[in-house]
2 protein chains.
Amino acid sequence: MAPPLPRSVNLRRVAEEAGVHPSTASRALNPATRHLVAAPAAHRVQEAAARLGYRPDAAAMSLRTGRSRLVGALVPGIANPVFAPILAAAAAALAEDGHALLVADPGDDPAQAAEFVAELAARRVDGLLLATVALRDDPALAACLVRGLPTVLINRSGGEGIPAVVSDDRAGMAMAVAHLASLGHRRIAHVGGPAPLSTGLLRREGFEAAMAAQGLELPPGWVEAAPTYGRAEGEAAASLLLSRCSGITALACANDLLALGAYDACRRAGLRIPADISVTGHNDMPLVDMIEPPLTTIRIPHAEMGRRAARLLLDRIHQGTEAGTAVLAPALVERGSTGPPRAQA
Amino acid sequence: MAPPLPRSVNLRRVAEEAGVHPSTASRALNPATRHLVAAPAAHRVQEAAARLGYRPDAAAMSLRTGRSRLVGALVPGIANPVFAPILAAAAAALAEDGHALLVADPGDDPAQAAEFVAELAARRVDGLLLATVALRDDPALAACLVRGLPTVLINRSGGEGIPAVVSDDRAGMAMAVAHLASLGHRRIAHVGGPAPLSTGLLRREGFEAAMAAQGLELPPGWVEAAPTYGRAEGEAAASLLLSRCSGITALACANDLLALGAYDACRRAGLRIPADISVTGHNDMPLVDMIEPPLTTIRIPHAEMGRRAARLLLDRIHQGTEAGTAVLAPALVERGSTGPPRAQA
DNA sequence: TTGAAAGCGCTAACAC
DNA sequence: GTGTTAGCGCTTTCAA
C-alpha cells in the first residue's frame, strides 16, 4: 500500500504547517472559496504553500473534479509547417487559462484519430481541438460528440452546429483567380487538395465559382485533386495538368505544399515561373517568401486561428455555451511567382 | 460528494459484467499480473472490457501508481521548423510505449522554463526532454535534477553525467570549412549562434579549430555571435561581418535561420551568392533546398535525434539506468550557395 | 468559520 | 486464484 514514488509536498503538509485542517487549506488556496476562510488563516496557508513550493497534484485534482486542465489537439502531420503557428498560438492562449496542450498526430488515418480521441478522453482532457476532421462522418469527431467533449475544429468545417475556426477558403481562391485574371490570364488550371477535406472541397468550389465570375472558361479535366497535401502529390497533379490542358498559363494551387510540387513539375517540364507559367499557393507558410521565385499566395492568419480556436474552446469549457463558427479573412500576398502570361498563339 | 462529470465505464463496471471482483479485473487487464488470474476469468474480463470499450482512467492510475505515461518536452520556439521533425519522431517512439508527449514552449526565458518544469512535475510526467538547456547552470535542468526526474537533453549538452542526444557540432563545422576551403576559400567569417547555448559554443569552437586545421588565418572580429537563432539576428551579424572583414569570400553560419539572414544581408549589400560570396548553414531544415540559391548546409538527423532521445528517456524511466550521451553524425549537403571564390586582388 | 468524512478509479499488500 | 482493504491527494457536502 505504500506509494511507489517519493512524496513531494502535498496539501496535508501545507495544512499542518499552517495549523489548519486540509480542507481549510484547500479552501484558502482556491480563489473561488477563499472568502469562506478567515483572513489570518488564509494568509498562513498561502504563506506556507509559497514557502514549501506547494503545487496541487494534477492527478488527484483531476480524479476529484473530473477536469484535467489539459486540452487535446489532433493534427495530421505535425511536421507540416502550417500547424506550428496555429499550435503555438493556441497553446499560449490556453496557458493563460492554466491549460496545457496535448498534441497527437494521427497522420491521415481516421481510425487512428478516433483511437487518439479515446486515449485523450481517458486522460480526461477538458476539450479537444481538431485539425484533422474530414468533411463528413469523421470518426474522430463522432468520438468527441458521443463523449460530450467540448470540441472546436480548426481550419476545417464539420457541418451543422460544430464550432470551427476557418479561413474563408472560397474568398481566398477568388482572390487568387482575380489576381491572375487581372494580370491577363484566361486559361487557369487548379491543383486541388484532397476531396474529403473541407479545404480541398471549398477551395475547389471557390476556384470554379471565381472562374465563372471572371467569365473564364473551365474545360473538364482542368481541375486535378491531389490525394494528400504534399509536395510530391502536388508535382504529380501539376504534371498531369501541364500535359493535359493545352495552353494553360497559370496554376492556382489549393495549398503551398502543392504549389512547391507544382514548381518541381514546371521545372521538369522546362517551364520558367512566372515567364512561362504563373503559380499561386494558399496558406503563406513560413519560408515561401524565400524560395525562387517567391511564392504568390493567399495568407491565412494562422496565429489568429489558433488563438480564436483556443478562446472558443475555453468558452465552451467554462460556460458550456454553444460557440459559433469563426470565419477569418485571408489576404492576397503578391510575390514573384505570378506575372503576365506569355503572348499566346 | 457527487462527481461533477458524467461517468464512463470504469473497472468496477467491467468486473461486475465479468462476475469478478474489481481487483481480479485489474489483474486480468494488466499483462504483468495476468498470470495470477485463472484463464477463464481473465477471458471474461477482457471480453467485457473490450465490449464496453473500457479504458483505464489516467488520473486514477496516475494517482495510484505515481506514473502518468506522460513525457514533457521543453522547446524554445515551437514555430522553429527544426523542432517539428524532432518532436514528431520523439512522439512516435514514445507512443509505442504508451507515452504521450506534452510540449511546452518557454521561448528563451530560463525562468519560464523552470516554471514549466514545476508544472509538468505537478502533472507527474514520467520524464522530460529538454531542448532549451543553456550550457551551464540552467534553471530548468536544475529543476529536473532536484526532483529526480529522468531527463534527456536534445541538441544541447548539459555537461557532466546528463544524458543527451546531440549532433557532432564540431565535426559539422569542420565539414563546412573543409568544403569551403576545397573550393578555394581562404577568408571565411563565422556568423555564430548564441554564446550561452552549447550549439553556439561548439560550432564556434568547431569553426575556429577547422580554420586552424586548414591553415587559414582568422583575424579577430571575424566571428560575430547572434544573440538568438533568428533570421533578423543573422542579418544583423552578417551585415557587421560584411562591413568589418575586408576581402571575405565566405560566411559559415551556425544555423540555417542565421544563413537566411545572411542572404538578406548579402542582398542588401549587393552581393550575389555564390558568385560574390559563399554561404553555408547548419541543420538542413525544411525548404532550404527551395530557396534561391539552394542552401549548402550541414544536415543533422533530426528524426533520428528525436527517436534516440525518446528511447534513451524510456530506458531511464524503466530501468533507471544511467543512459549516456549519443553523438549523431552530421553530413554535408552541397547545394547552390557555395562556389569558388571570386578572383581576389 | 472550520473540521469530519466520503469518495473520485485504481492497484497492491495481505489474508483466505 | 480471488476477495478484502487501504489509500494515492484532493474537493466538497454536511454538521457543528
Side-chain angles (χ1 to χ4, degrees), chain A residues 1-45 49 52-69 98 121-124 126, chain B residues 1-45 49 52-69 98 121-124 126:
Chain A
M1 236 138 306
L5 280 191
R7 180 87 42 46
S8 73
V9 297
N10 56 19
L11 187 59
R12 195 171 36 155
R13 184 89 168 58
V14 172
E16 276 170 16
E17 203 77 8
V20 297
H21 191 271
S23 52
T24 302
S26 171
R27 286 188 274 254
L29 259 15
N30 182 343
T33 51
R34 190 167 5 245
H35 65 280
L36 299 172
V37 177
H43 251 119
R44 286 198 321 272
V45 170
L52 298 175
Y54 168 74
R55 294 234 164 201
D57 181 283
M61 205 168 187
S62 180
L63 183 58
R64 178 62 235 227
T65 64
R67 18 180 81 259
S68 60
R69 289 162 37 237
R123 289 184 187 274
R124 295 183 180 231
D126 296 336
Chain B
M1 234 139 308
L5 280 190
R7 180 85 42 46
S8 74
V9 296
N10 56 20
L11 187 59
R12 196 172 34 154
R13 183 89 169 58
V14 173
E16 276 170 18
E17 202 77 8
V20 297
H21 191 272
S23 54
T24 303
S26 171
R27 285 187 277 252
L29 259 15
N30 182 341
T33 51
R34 189 162 7 241
H35 66 280
L36 299 172
V37 177
H43 252 118
R44 287 199 321 272
V45 171
L52 299 175
Y54 168 74
R55 293 235 164 200
D57 182 283
M61 206 167 184
S62 181
L63 183 57
R64 179 62 238 231
T65 65
R67 20 182 78 261
S68 61
R69 289 163 34 235
R123 288 185 189 272
R124 296 183 179 233
D126 296 335

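Protein chains get the first letters and strands the later ones, always in sequence-line order, with residue 1 at the start of each.
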Q) Charged N to carboxylate O below 4.0 Å: is that the case for D126(A) and R69(A)? A) no

Q. What integer distance in Å separates R27(A):CZ from dA5(C):C1'?
A. 12 Å

(Q) Whole angstroms only, please: what is the NE2-C1' distance between H35(B) and dG1(D)? (A) 11 Å

Q. Quick one: L11(A) CG to dT11(D) P, roughly how many Å, whole number?
A. 6 Å

Q.
What's R13(A) touching, base or sugar-phosphate or nothing? Going by heavy atoms closer than 4.0 Å.
A. nothing

Q) So does S26(B) get a side-chain nitrogen or oxygen closer than 4.0 Å to the phosphate oxygens (OP1/OP2) of dT11(C)? A) yes

(Q) When you measure only distances, ignoring hydrogens and angles, does the side chain of R124(A) come within 3.5 Å of the base of dG9(C) through a donor and an acceptor? (A) no

**Q.** Closest listed nucleotide, where the reference is the side chain of T24(A) and the choices are dG9(D), dA12(C), dT2(C)
**A.** dT2(C)

Q) With distance as the sole test, does R124(B) use its side chain to make a donor-acceptor pair with the main-chain N or O of A59(A) at under 3.5 Å? A) no

Q. When the distance from OH of Y54(B) to P of dG9(C) is rounded to whole Å, what number comes out?
A. 10 Å

Q) So what does A41(A) touch, heavy atoms closer than 4.0 Å: a base, only the sugar-phosphate, or nothing? A) sugar-phosphate

Q | d(NE2, H21(B); C1', dT4(D)) in whole Å | A | 6 Å

Q: Please report, rounded to the nearest Å, how far the C1' atom of dT11(D) is from the CZ atom of R34(A).
A: 16 Å

(Q) What is the separation between atom CD on E16(A) and atom P on dG9(D), rounded to the nearest whole Å? (A) 12 Å

Q. Where the side chain of R123(B) meets the backbone of S68(A), is there a donor-acceptor pair that is under 3.5 Å apart?
A. yes

Q: Starting from P on dT11(C), measure out to CZ on R67(B) and report it in whole angstrom.
A: 13 Å

Q: Using a strict cut-off of less than 4.0 Å between a Lys/Arg side-chain nitrogen and an Asp/Glu carboxylate oxygen, indicate whether R13(A) and E17(A) qualify as a salt bridge.
A: yes

**Q.** Nucleotide of dT4(D), dT11(C), dT2(C) approaching T65(B) most closely (side-chain heavy atoms)
**A.** dT11(C)

Q.
Quick check: on DNA chain D, is the nucleotide nearest D57(A) upstream (toward 5') of the one nearest L36(B), or the reverse? Name the residue that is more 5'.
A. L36(B)

Q) From dT1(C), dG9(C), dC10(D), pick the nucleotide closest to the side chain of P56(A)? A) dC10(D)

Q) More 5' along DNA chain C: S23(B) or A60(B), using each one's nearest nucleotide? A) A60(B)

Q) If you check every side-chain atom of L63(B), which of dA4(C), dG9(D), dT11(D) has the closest atom? A) dG9(D)

Q: Would you indicate whether the side-chain heavy atoms of L11(A) and P56(A) approach each other to under 4.5 Å?
A: no

Q. Quick one: which of dG7(C), dT11(C), dT4(D) gets closest to the side chain of R64(A)?
A. dG7(C)

